[in-house]
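Written below as structure tokens is the structure these notes are about.
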2 protein chains.
Amino acid sequence: MKIPSSSISRISLYYRALLSVKEASVVSSEEVSLLTGFSAAQVRKDLAYFGQFGTPGRGYSIEILKKELKKILGTDREWDVALVGTGNLGSALLAYKGFKHQGFNIKYAFDNDKKKINKLRQGVRIRPIDDLPQIVRDKKISIAIVAVPQESAKDVIDKLIDSGIKAILNFAPKRSKVPETIELLNIDLSMELERLTYFLQRGQK
Amino acid sequence: MKIPSSSISRISLYYRALLSVKEASVVSSEEVSLLTGFSAAQVRKDLAYFGQFGTPGRGYSIEILKKELKKILGTDREWDVALVGTGNLGSALLAYKGFKHQGFNIKYAFDNDKKKINKLRQGVRIRPIDDLPQIVRDKKISIAIVAVPQESAKDVIDKLIDSGIKAILNFAPKRSKVPETIELLNIDLSMELERLTYFLQRGQK
DNA sequence: TAGATTGTTAATCGATTAACAATC
DNA sequence: TAGATTGTTAATCGATTAACAATC
């Protein structure tokens with residue numbers, strides 16, 4: 001069955017919403033709807049893609065649902081992450097508490113600036129990009145975050161893929177073609193701002 | 001006519017693609033398709049939402065199309081932006097060259113950490129959040145970037161809206177309800193990483 | 001004119017919503 | 001049992017793709 005990718009994003013948000021429920025052990029799709037702003041039908045549909053987690057007439061056990069959602073998202077375990085690029089943005093991501101909190105450990109950091117090599121940042125030693133293939137392979141890293149300047153993005157992404165990386169979160173404003181077996185997710189900050197100015201420019205939604 | 005919001009994102013990418021064309025003065029939708037990976041029909045459709053910019057049999061004049069796309073996106077002018085939160089992420093955004101390059105000037109920065117107040121960062125003076133309403137109003141700022149911790153996000157966003165802000169790019173992993181007249185765009189980094197682990201966890205697209 | 005390519009309409013595809021039988 | 005709420009099917013809505021007449 002084909003699962004819309006927007007459904008996955010919503011499941012992340014359902015999970016967060018559940019964390020905020022303190023006073024109950026069961027929620028209905030209607031209550032999740034209230035908490036997240038998505039329709040109750042949408043909530044039930046999204047959950048139903050992955051199994052039958054609820055009890056008709058009662059709702060969903062929060063404990064069980066949290067466990068199941070974590071399993072779906074793959075966050076029922078910790079993930080080691082490689083960061084490429086330790087400029088302003090890379091450093092900010094390295095320091096970002098939210099990642100560790102969700103089980104993402106940026107354990108390896110790479111840069112090609114000689115002055116940074118072997119420096120510690122947030123307890124992580126910065127390594128030369130030349131060391132990337134060996135580390136990714138030896139440590140079996142699946143996830144990389146790319147925060148390098150536009151002009152190096154393609155090379156870095158190619159190198160990551162050659163080294164066996166499986167999933168990439170890319171902040172460089174440059175789209176690369178990747179094989180179908182690799183998941184590449186682009187976050188393009190200027191593009192997002194342009195969605196805002198589009199809205200401002202035309203004066204309404 | 002209803003314009004899909006994904007169309008706006010694509011228009012940003014068409015614009016970028018046009019910047020990379022050096023050897024021609026005209027492009028066809030087929031060529032834009034090759035450059036961006038979207039279908040030629042999609043390209044024509046997206047452009048047709050906004051006008052008739054092409055010439056049948058010839059294609060689109062690159063010069064004209066670039067100008068029109070800028071107009072659509074509202075990037076035919078510069079925008080002053082207010083940044084709230086100058087922690088790691090906020091500072092990285094302040095230093096990000098890409099924004100200025102696209103005509104976004106982060107001209108005002110706010111924080112509630114007394115030690116930071118009045119310090120210069122990237123040439124921008126950090127002001128107390130208490131000064132925010134007056135500055136936003138007096139300087140007629142339309143766009144704010146919110147990079148504060150989760151727990152302050154709601155207050156900051158409410159304060160921005162009360163002060164007359166029109167559009168918000170929010171990096172706090174916390175969704176706020178805003179009036180319909182305000183454009184709120186959330187970038188949730190952990191959610192994006194969870195889309196990657198979902199993919200890894202289930203082993204295929 | 002013949003060839004190329006737009007702008008637009010119609011067809012298809014996919015995602016969301018509504019409805020409701022099943023069931024606790 | 002009566003009331004509540006799930007899981008699922010069918011209906012609707014919206015976005016993408018295909019097709020082609022218009023036109024340079």
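Within every chain, numbering begins at 1; the chains are lettered A, B, ... in the order of the sequence lines, protein sequences first and strands thereafter. This is a predicted model, so every value here is computed, not measured.
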What is the distance from OH of A/Tyr14 to C1' of D/dT6, rounded to the nearest Å? 15 Å
Could you state the atom-to-atom distance from CG of A/Asp46 to P of D/dT6 in whole Å? 13 Å
Given Watson-Crick or G-U pairs with both distances under 3.5 Å, what dot-bracket string fits DNA chain C, with | for other-strand pairs and [ ] for crossing? ..||||||||||||||||||||||
Counting primed atoms plus P, OP1 and OP2 as sugar-phosphate and everything else as base, spell out the protein contacts along nucleotides 7-15 of chain C at 4.0 Å heavy-atom distance: B, S or - for each nucleotide, 5' to 3'. BSB-----S
Roughly how far apart are A/Asp111 CG and A/Arg121 CZ, rounded to 0.5 Å? 7.5 Å
If I take atom CD1 in residue B/Ile62 and atom P in nucleotide C/dT6, what distance separates them, rounded to the nearest angstrom? 12 Å
For the CD atom on A/Gln134, are there more than 12 heavy atoms of other groups (residues, nucleotides or ligands in this structure) within a distance under 6.0 Å? no
Between the side chains of A/Arg137 and A/Ser163, does any donor sit under 3.5 Å from an acceptor? no
Between A/Lys107 and A/Asp80, is the closest basic N to carboxylate O distance under 4.0 Å? yes
Which residues share a side-chain hydrogen bond (donor to acceptor under 3.5 Å, both in side chains) with B/Tyr108, sequence neighbours left out: none
With side-chain contact (heavy atoms from CB on, under 4.5 Å) as the criterion, how do A/Arg16 and B/Lys174 come out once you've worked through the C-alpha distance, each side chain's angles and the decisive distance to 0.1 Å? CA-CA 9 Å; A/Arg16 301 261 192 91; B/Lys174 170 89 185 133; over 6 Å; no
Do A/Tyr14 and A/Asp46 get their side chains close enough for a donor-acceptor pair, meaning under 3.5 Å? yes
Around atom NZ of A/Lys166, are there more than 12 heavy atoms from other residues, nucleotides or ligands closer than 6.0 Å? no
Is any side-chain N or O of A/Ser29 closer than 4.0 Å to OP1 or OP2 of D/dT5? no
